[in-house]
Amino acid sequence: MIQLSGLLLGLTLLGSTAQAQTAPAAKPMSQRMTDAFISWHPDSILIGNRKTARWDYEQGLMLKAMERVWQRTGDARYFTYIKNDIDQFVREDGTIRTYKLEDYNLDNLTTGHTLLTLSQTSVPKPEKYIKAAQLLRKQLDGQPRTKAGGFWHKKIYPNQMWLDGLYMAEPFYAEYSQLFNQPAGFDDVAKQFALIEKNLVDPKTGLMYHGYDESREQQWANKQTGQSPNFWDRGMGWYAMALVDVLDYFPQNHPQRKELIKYVQRLAPVLAKYQDAKTGTWSLVVDQAARKGNYAEASGSSMFVYMLAKGVRMGYLDKKYAPIAQKGYDGLLKQFVATEADGALAFNGTVSVGGLGGKPYRDGSFEYYLSEPLRKNDLKGVGPFILASLEMELANGLKPGAGKTVGLDYYFNNEYRKSPITGEQERFHYTWEDRSHGGFQLWGQQFRDFGAKTVSVPVAPTKASLKSIDVFIIVDPDSKKETAKPNFVQAADVRALTEWVKEGGVLMLMANDTSNCDIKHFNQLAQSFGIRFTDTSLNMVKKDQFEQGKVDLTGGNSVFKTAKTAYVKELSTLALTGPAKPLVKQGEHVIIATAQLGKGTVLAVGDPWLYNEYNDGRKIPAEYQNFQAGNDLATWLLQQAGK
């Protein structure tokens, strides 16, 4: 094997998709390692030395990492791989091949994340994924518990909580609770973390023991505390990842959210203390780095880098931990990432397994952990490394949104439907939360990856409601066809938004063709900036004749610095006067325009063309660069804010 050169590794730290586009030869490391994984497992994910694929937590870990890569690239290959893998297991009635609920094994819940993604992402027969997720959630109802209410790691391990189990179950449990609007689930999730903090944290070092036996009956259990004897790096890594991931779903106003953040803040300085000063990595048995036989281990080190980097990005941790994460990542690249003779990537240094009890009996001793073999390209290392790479690419990439808030109007666009998942009424269509074809979830993720905060604005625009907003986006105001009692743009709304723009606000107006948008009232606002959405509809695409929706973006390269061609169909053209200037034209027709008013900026386009259906790479041909255009536009809007 030939170690990757420092120069090449430096190039892979290019952060954003936009940056990568300027140097196409240097794909980000997250994407390169994901592509390597696909080359090892082109059809089925085989775990370890198995000959057949089965429902497994390593599968869930890899698919979650791959989903994030898909979100960062808009490359449909990754989504296709995810769906094809899951479809090998999930039957139309929601049952899951090789899964047995009666095993009551927390490891089997990790892939539930992917079921929840597919259930929301405009795929055929989404109900089978919903049913499968409900089956996994049913397991938690019967999962054996300690007397204090903690989940047993597995039915075959009575009275035991392991650090591993927090990653296996709790992020899925929290995401499910959010999606199905089951607030009691968050209380239970918080309880699981509280019990781990109570029973597995060493008061002297802050490190965490691998497992806890409430009955004190196991040979490995301390008779006074019930704790296992040692601090295993990957056990702590599972817990660290679980903490920062579960917070993605926890309500902002939940009383235990602050406690979870405190756990993140408690653990971070402990990890910093035990990081190897020379290599940046962590040892298999974390507190005994100098002991003979101990070694730097890849999976735990990757997990710690991920937790620290994400903790900083999300604001849970002080920025002083960013250099610690960077040092750790540099160590991962130097020690564990290699290239084969044919140029393919490999990932070394992952311990194959670590457990307690069982047959043959695992006593949790230092000697036991060292007895487990190392594996090349083990998914328990590869998955966390990809996640760590994604975080470091974000950390080292463009951050035009740092400290800025992007608001999306939910007042003029105010559509509801019966949820196909819960059966309850839910807001949909051009919202941050909507992951189906008509939502803006993916474009919102692009803003967030640039460091911005995304919020919804469900009330009329006023000085107060716009006070904390830097970029405000209004999309497709409702007509009476879409909403029984639409909120039409009124004179007071025009005054409030005009004054806000004059003071430095950045306003984006996205209309639609006249049959699908209240153009009449929307124009009362647009005309304040010299823009009018016309009755002329352009690019009327017939079926899948995508070429009929082609738009050349090169004339607007002050905004679209990487995207050259986009797909925009059935759009309203623009007529301009006064301060408005054309940005993108198609023949004599203006497609996109900008205007300056006072300290602020306005951009208008006659279609909501960046919704998921045309932004996630799954439908339109690759020549149409809507995903890159979304990145470009998000960058530009954020850069205008605060000028």
Side-chain angles (χ1 to χ4, degrees), residues 16-18 20-22 24 70-71 73-80 122 429-430 436-443 446 473 475-476 508-517 519 526 531-576 580-594 603-637:
S16 66
T17 301
Q21 300 255 338
T22 62
W70 169 56
Q71 290 178 334
T73 62
D75 189 332
R77 290 185 303 121
Y78 304 120
F79 182 88
T80 300
S122 294
H429 217 197
Y430 311 132
S436 68
H437 276 338
F440 273 149
Q441 192 276 335
L442 192 58
W443 195 34
Q446 291 177 305
I473 303 169
V475 188
D476 189 26
M508 181 167 183
L509 307 176
M510 303 178 85
N512 212 328
D513 60 282
T514 52
S515 64
N516 290 302
C517 179
I519 296 288
I531 299 167
R532 181 172 60 84
F533 297 103
T534 75
D535 293 334
T536 301
S537 293
L538 212 60
N539 292 9
M540 306 305 286
V541 178
K542 295 180 180 179
K543 296 184 178 180
D544 288 340
Q545 297 182 40
F546 293 106
E547 68 279 3
Q548 295 176 342
K550 184 176 182 179
V551 172
D552 182 357
L553 296 176
T554 54
N557 58 14
S558 61
V559 174
F560 301 104
K561 295 184 182 299
T562 67
K564 307 303 180 188
T565 305
Y567 178 78
V568 190
K569 69 167 190 170
E570 297 177 23
L571 59 96
S572 172
T573 61
L574 308 177
L576 309 181
K581 306 293 182 186
L583 179 72
V584 174
K585 296 182 70 175
Q586 188 161 303
E588 295 302 311
H589 297 290
V590 179
I591 306 294
I592 306 176
T594 61
L603 184 142
V605 58
D607 190 74
W609 58 299
L610 294 175
Y611 47 97
N612 299 329
E613 184 175 13
Y614 300 115
N615 202 24
D616 67 6
R618 294 166 52 204
K619 183 168 183 176
I620 60 177
E623 68 179 285
Y624 302 108
Q625 300 170 306
N626 286 33
F627 181 86
Q628 294 92 324
N631 258 340
D632 288 343
L633 187 53
T635 301
W636 184 83
L637 290 168

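Residue numbers run from 1 in the order of the sequence given. As the structure is a computational prediction, the values presented were derived from the model and not from experiment. Computation of the quantities below employed the complete heavy-atom set of this structure, encompassing side-chain atoms and omitting hydrogens, waters and symmetry-equivalent molecules.
- Looking at every heavy atom in both residues, Leu583 comes nearest to Ser558 through CD1-OG, 3.6 Å.
- In this structure, the separation between NZ on Lys569 and CZ on Phe546 is 9.0 Å, given to the nearest 0.5 Å.
- The shortest distance between side-chain heavy atoms of Leu442 and Gln71 falls below 4.5 Å.
- Here the OG1-CG distance, from Thr635 to Asn631, works out to 5.5 Å after rounding to the nearest 0.5 Å.
- Separating the CZ atom in Arg532 from the CG atom in Leu576 is a distance of 9.5 Å, to the nearest 0.5 Å.
- Put simply, the side chain of Gln441 never gets that close to the backbone of Asn612: no donor and acceptor are under 3.5 Å apart.
- The heavy-atom pair separating Asp616 from Trp70 by the smallest distance is O-NE1, 3.0 Å.
- With contacts defined as side-chain heavy-atom distances shorter than 4.5 Å, the pair Leu571/Ile591 qualifies.
- Looking at heavy atoms from C-beta onward, Val605 lies in side-chain contact with Met508 at the 4.5 angstrom threshold.
- Panel note: side chain Trp609, backbone Tyr614; no donor-acceptor pair is recorded below 3.5 Å.
- Residues His437 and Arg618 are in side-chain contact: their nearest non-hydrogen atoms beyond the backbone lie under 4.5 Å apart.
- Looking only at side-chain heavy atoms (C-beta outward), Leu509 and Leu603 stay at 4.5 Å or farther from each other.
- Taking 4.5 Å as the limit, every side-chain heavy atom of Tyr611 sits out of range of all side-chain heavy atoms of Asn615.
- In this structure, Lys550 places its NZ atom where only 12 or fewer heavy-atom neighbours from other residues, nucleotides or ligands lie under 6.0 Å away.
- Nearest heavy atoms, Glu570 versus Asp607: O-OD1, 3.5 Å.
- Rounding to the nearest 0.5 Å gives a distance of 7.5 Å between CG of Asp535 and OG of Ser572.
- A donor-acceptor pair under 3.5 Å is absent between the side-chain atoms of Thr565 and the main chain of Tyr624, judged by distance alone.
- Taken to the nearest 0.5 Å, the CZ atom of Phe627 stands 11.5 Å off from the CD1 atom of Ile620.
- In this structure, NE2 on His589 lies 8.0 Å from OG1 on Thr534, to the nearest 0.5 angstrom.
- The minimum heavy-atom distance linking Phe533 with Ala604 is given by the pair CZ-CB, 4.1 Å.
- Of the possible donor and acceptor atoms, none in the side chain of Gln586 sits under 3.5 Å from a partner among the backbone N and O of Thr573.
- Residues Lys561 and Trp636 are not in side-chain contact: their nearest non-hydrogen atoms beyond the backbone lie 4.5 Å or more apart.
- Shortest non-hydrogen contact noted between Gln625 and Lys564 is OE1-N, 2.6 Å.
- Between the side chain of Asn539 and the backbone N or O of Val568, at least one donor-acceptor pair lies under 3.5 Å.
- Judged purely by atom type and a 3.5 angstrom limit, Asp476 has no side-chain atom pairing as donor or acceptor with the backbone of Asn512.
- With Asp632 contributing its side chain and Ala563 its backbone, the two residues share a donor-acceptor pair below 3.5 Å.
- Taking all atoms of both residues into account, the shortest heavy-atom contact from Met510 to Leu610 is CE-N, 4.5 Å.
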